[in-house]
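A quick note: this is a predicted structure, and the numbers were derived from the prediction, not measured. Atoms within each ligand, like the ligands themselves, are counted from 1 in listed order. The first residue of the sequence shown is numbered 1, and numbering continues consecutively from there.
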Amino acid sequence: MRKDSTKLMAQRLEKIDKNLIWHPFTQMKDYSSLPSLIIEEGKGSYIKDTHGRWYLDGISSLWVNVHGHRRKEIDQAIIQQVRKISHSTLLGISNVPAIELAEQLVKIAPRGLSKVFYSDNGSTAVEVALKMAFQFWKQSSKRNKKKKFISLRNGYHGDTIGSVSVGGIDLFHGIYKPLLFQTLKVESPYCYRCSLGQTYPSCGIECLNLLEETMRRHHAEVAGFILEPIVQGAGGMIVFPKGYLKEARSLCTRYQVLMICDEVATGFGRTGKMFACEHEKVSPDFMALSKGITGGYLPLAATLTTEEIYEAFLGEVQDLRTFYHGHSFTGNPLACNAALASLEIFKKEKVLDTLQPKIRFLSKELKKFYQIPAVGEIRQKGLMVGIELVADWKRKTPFPVEARIGHKVVLEARKRGVIIRPLGDVMVLMPPLSITQKELERLTQVVFDSIESVLS
Ligand code: PMP
């Protein structure tokens, strides 16, 4: 009887979902023809659908969840805040959790980042950095012409027009070209498919010359250089060669170009350190944060910057140096209190320390994937993993798009109780930091079996 009502409810929800919801980054013709997966509950590394089936959350509910679902401390922090106030604005006034969180963020951020500007998603965190960088130069001197941005191919910074303008993935961004502002695009350090035909490390990271050349020629008109530090996520989990980020920082300083590090995906422990910038001891001029900031519970973002940038915006009201930007839910108290609870867990449970053996275990498990002939390259930094599947291993030939290999692997994994989402034919694994070794073993085994099953 109970089973029947569960089934009826699931069917009803599926019907309404397919009738009413337009899903993001989803071909809806395709979506309508497949059974829906509708999540109603979660616990730890698992999420449960409306049929009562539990799945291992192999992508942290799109790269956001950090300490697992339904963490008592974060749930409590939200409930406590609800009992006080759920929202009040930051425009001209303040709120308690936003202040306390700013204090904590500045403490853990790379040196020099001492000002916190809140917004509510990764794309807006990037927009804020771009607008601030542009306005900084405008207000620093009347004579400079610094209004362009340098960005990397394969870069991804969100879906609003400004963040798409600095994006570098043709598949997602190509159609909007007529709407975008012009940027200077530089090849990314994608060693597996090096645009210079070189091999790391003997190349000496020659692609840095491309970046330097662009800065040398255009620095007088360049306001900033935006990049995802260490790992280009949506571009295919592309891991930078060691030294690239540090040298990029030096070039920015040398050519007076502001460095914008988009840590939306890499931040909050994902790469094995709190922020990816720490791997090469880099302090950018802007750091964009979102996703994991609240432990992946609620939408929140922050753009951190330096005293120097901040001071260029100070003046009399009539000077018009104000930063005219702010969203309705900027610095939302519920989200900020969730973020405080998440940072407290990082501290109390020494999350970054306990993560290290898991990262090593994952590296060991991933080596097995090279037994599969279609595995071209395995890229890993911390708990961020991309397994690139190719039709021809020797020539690195991709599978035809219509073969939909990545998509098929995802469906196979789902049958086996694991949720993943590919980037084309790059299989992405990005579990919560709280995943156990046993769960990691299951995750890799299921993905291994799913790839084999699709390609056999
Ligand atoms: N920057 C990076 C590096 C991202 O990975 C993403 C989202 N995947 C964004 C920005 C955009 O974040 P949001 O989807 O919250 O707007």
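If you check which protein heavy atom lies closest to atom 5 (O) of ligand 1, you get A265 CB, 3.6 Å. Looking at atom 9 (C) of ligand 1, its nearest protein heavy atom turns out to be V264 CG1, 3.7 Å. Of the protein's heavy atoms, D262 OD2, 2.6 Å lies nearest to atom 1 (N) of ligand 1. Residue, atom and distance of the protein heavy atom nearest to atom 6 (C) of ligand 1 are Y156 CE2, 3.5 Å. Shortest contact from atom 16 (O) of ligand 1 to any protein heavy atom: S123 OG, 2.6 Å. The protein heavy-atom contact nearest to atom 15 (O) of ligand 1 is G122 N, 2.8 Å.
Each of the following atoms of ligand 1 lies closer than 4.0 Å to a heavy atom of K291: 5 (O), 6 (C), 7 (C), 8 (N).
Salt bridge absent: R249 and E247 never bring a charged side-chain N and a carboxylate O closer than 4.0 Å. E349 and R71 are joined by a salt bridge, as a carboxylate oxygen and a charged side-chain nitrogen come within less than 4.0 angstrom of each other. Taking a cutoff of 4.0 Å between a charged side-chain nitrogen and a carboxylate oxygen, K146 and E221 do not qualify as a salt bridge. The pair E127-K131 does not meet the salt-bridge criterion, since no charged nitrogen lies less than 4.0 angstrom from a carboxylate oxygen. Under 4.0 Å is where a charged nitrogen must lie from a carboxylate oxygen, and between R404 and D30 at least one such pair does. Classification of R254 and E212 as a salt-bridged pair holds, one side-chain N sitting under 4.0 Å from a carboxylate O.
Heavy atoms of E228 found under 4.0 angstrom from ligand 1 belong exclusively to the side chain.
Contact record, T305 with D285: OG1-O, 2.8 Å, taken as the closest heavy-atom pair.
Distances between N or O atoms of W63 and those of ligand 1 include no value under 3.5 Å.
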